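Input: a single structure, listed below in structure tokens.
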2 protein chains.
Amino acid sequence: MGYKHNKEDILEVGYQVIRKNGYHHVGINQILKEAGIPKGSFYNFFESKEDFARQVIQYYGEGNRKWLQDIFQKSEETPINTLKSFYKLLIGYNEEDNFCSGCLINNLGNETGRLYDSLAEETKEQFDQWLDIIAEVARKGQEVKEITSSFTPKEIANYLHSGFYGTFFKMKVERSRKDMDTWLEMTFKFIKA
Amino acid sequence: MGYKHNKEDILEVGYQVIRKNGYHHVGINQILKEAGIPKGSFYNFFESKEDFARQVIQYYGEGNRKWLQDIFQKSEETPINTLKSFYKLLIGYNEEDNFCSGCLINNLGNETGRLYDSLAEETKEQFDQWLDIIAEVARKGQEVKEITSSFTPKEIANYLHSGFYGTFFKMKVERSRKDMDTWLEMTFKFIKA
DNA sequence: TCTAAACTAGACCAATTGGTTTATTTTTCT
DNA sequence: AGAAAAATAAACCAATTGGTCTAGTTTAGA
């Protein structure tokens, strides 16, 4: 029947808390309190705060990867519309979240990328795997001449997702989706074949 | 002959330190040590750490605004090339900086935008004033039919600068300018008239 | 069933956090 | 020159930081 706590639950709490508040603003004690575990258990599962954050990134990266694959597989729209609907969905999620969190990967990459090699490495890796999935849709879009072939599928995917990350700055300080909507219209006009 | 310390020097130190390390990772004591001032002087000039950060944003925002105006006024290139050279210059600065810092405004907006209203407000305001200056060059570019007129000058300016911010994530975790260069080529192809 | 490993529990630690206080010195203004 | 204001200086504060330690409990496997 297993022990009282399990790693996944702690990682999920860590994901929620760190995504909202960042890395340095969150203390171990806060995680312990929200997850309802004693310190001994935490340091039994994780070597350090940095190791914990790395595993949170991995946990979220892998979960999101499966979600991406699933959503693209199920889509009945054309490639370019699949992508556009996907970003519209993400914008909607951020709206439900009151525009305060953005994406864990982007947040941690920006806040800690230069400070901790292990976190830079892990964010880079997870992000890159997402890009591969998005790039596959872009490739299909090029195949059916919906998306410009002036750039590689991976370049298109990176342009889309990094560009989307760029909208988080204004989203957070203006607490509105206006700029994200404009970004969506502009970008998808630009990448059309 | 004035007192021993002055606010501007402290703000400059704060700018350098916070840009590199973020808000929550930097303690007051570190600022004091690097600026060579005692705590009493700091709290004589600033109400709190948050107030200090707000003034750092303002100090940097205003300084950079003047720099922008100057660089665009001096440019002898056509509008679209003025903009492209400008972003090429920024990429170069980030390379000299070993790709570790990015932009103070983007960093603080993302890290603290949702947590402290005063910092969200200040970053928003400074960013918006930068955009007005960039938009004026975009407007001239539309006038001479170099830049697409499908969007307003301010929309173009925001698309450029927010998009540029989007490249910081990968810059920091990969510690390379590769993605920034690709972004530059793609974006300026897209906004061409 | 017994043992070793994994997990739970929380008291404890030195170091650091943002901030206050008090006293002294320097400058400015009348 | 004298008083008020501004700035310097650092000791001090409670609260929190990431992390360790020791002791007890639960589980899985031989």
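No experiment lies behind these values; they were computed from the predicted model shown. Throughout, a chain's letter reflects where its sequence line sits, starting with A, and its residues are numbered from 1.
Listed by first and then second residue, the salt bridge (charged side-chain N to carboxylate O under 4.0 Å, His left out) pairs that reach into residues 133-142 of chain A are A:Glu136-A:Arg139, A:Arg139-A:Glu143, sequence neighbours excluded. Under the salt bridge (charged side-chain N to carboxylate O under 4.0 Å, His left out) criterion, no residue pair touches residues 21-44 of chain A, with sequence neighbours excluded. Legend: salt bridge (charged side-chain N to carboxylate O under 4.0 Å, His left out) pairs involving residues 63-73 of chain B, not counting sequence neighbours, sorted by first then second residue: B:Asp70-B:Lys74.
If you look at A:Phe52 and A:Tyr43, their ring centroids are not closer than 6.0 Å. Within the 6.0 Å centre-distance limit, the rings of B:Phe168 and B:Phe164 are counted as a close aromatic pair. Aromatic rings of A:Trp130 and A:Tyr60 (six-membered ring for Trp) have centroids within the 6.0 Å cut-off, being under it.
With sequence neighbours excluded, the residues that form a side-chain contact (heavy atoms from CB on, under 4.5 Å) with A:Lys20 are A:Asp97, A:Cys100, A:Ser101, B:Arg114. Every ring pair (Phe, Tyr, Trp, His ring centres under 6.0 Å) that A:Phe86 has, sequence neighbours left out, goes to A:Phe72. Among residues two or more places apart in sequence or in another chain, the ring pair (Phe, Tyr, Trp, His ring centres under 6.0 Å) test is passed with B:Phe151 by A:Phe190. In this view, A:Glu185 and A:Lys84 satisfy the salt bridge (Lys or Arg N to Asp or Glu O under 4.0 Å) rule, not counting sequence neighbours.
Remark: nothing in residues 107-115 of chain B comes within less than 4.0 Å of DNA chain D through any heavy atom. Using a 4.0 Å cut-off on heavy atoms, the residues of residues 45-53 of chain A that approach DNA chain D are A:Ser48, A:Lys49, listed by number. Applying a 4.0 Å cut-off to non-hydrogen atoms, the residues of residues 12-40 of chain A that approach DNA chain D are A:Val26, A:Gly27, A:Ile28, A:Asn29, A:Lys39, listed by residue number.
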| Step-by-step ring pair (Phe, Tyr, Trp, His ring centres under 6.0 Å) determination, A:Tyr23 to B:His24 | CA-CA 9 Å; A:Tyr23 180 77; B:His24 294 109; over 10 Å; no
All N/O donor-acceptor pairs, side-chain side in residues 5-16 of chain B, below 3.5 Å, sequence neighbours left out:
{"unit_1": "B:Lys7", "atom_1": "NZ", "unit_2": "B:Gln55", "atom_2": "OE1", "d": "3.0"}
{"unit_1": "B:Glu12", "atom_1": "OE1", "unit_2": "B:Tyr59", "atom_2": "OH", "d": "2.3"}
{"unit_1": "B:Glu12", "atom_1": "OE2", "unit_2": "B:Gln16", "atom_2": "NE2", "d": "2.8"}
{"unit_1": "B:Gln16", "atom_1": "OE1", "unit_2": "B:Arg19", "atom_2": "NH2", "d": "3.2"}

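In this structure, CG of A:Asn44 is placed 12 Å from C1' of D:dT26, rounded to the nearest angstrom. The NE2-P distance, from B:His5 to C:dT25, rounds to 16 Å in whole Å. In this entry the distance linking CG of A:Asp9 with P of C:dC7 reads 14 Å, nearest Å. In this structure, B:Asn6 atom CG and D:dA6 atom P are separated by 17 Å, rounded to whole Å.
The backbone N or O of A:Glu77 lies less than 3.5 Å from no partner atom in the side chain of A:Asn81, so there is not a single donor-acceptor pair.
For the helix from C:dT1-D:dA30 to C:dT30-D:dA1, the rotation axes defined at the first and last 5 base pairs enclose an angle of 20°, given to the nearest 10°.
Contact annotation: B:Tyr3 side-chain N/O to D:dA6 OP1/OP2 distance is not under 4.0 Å. Between A:Lys4 and the phosphate of C:dA9, there is a side-chain N or O to OP1/OP2 separation shorter than 4.0 Å.
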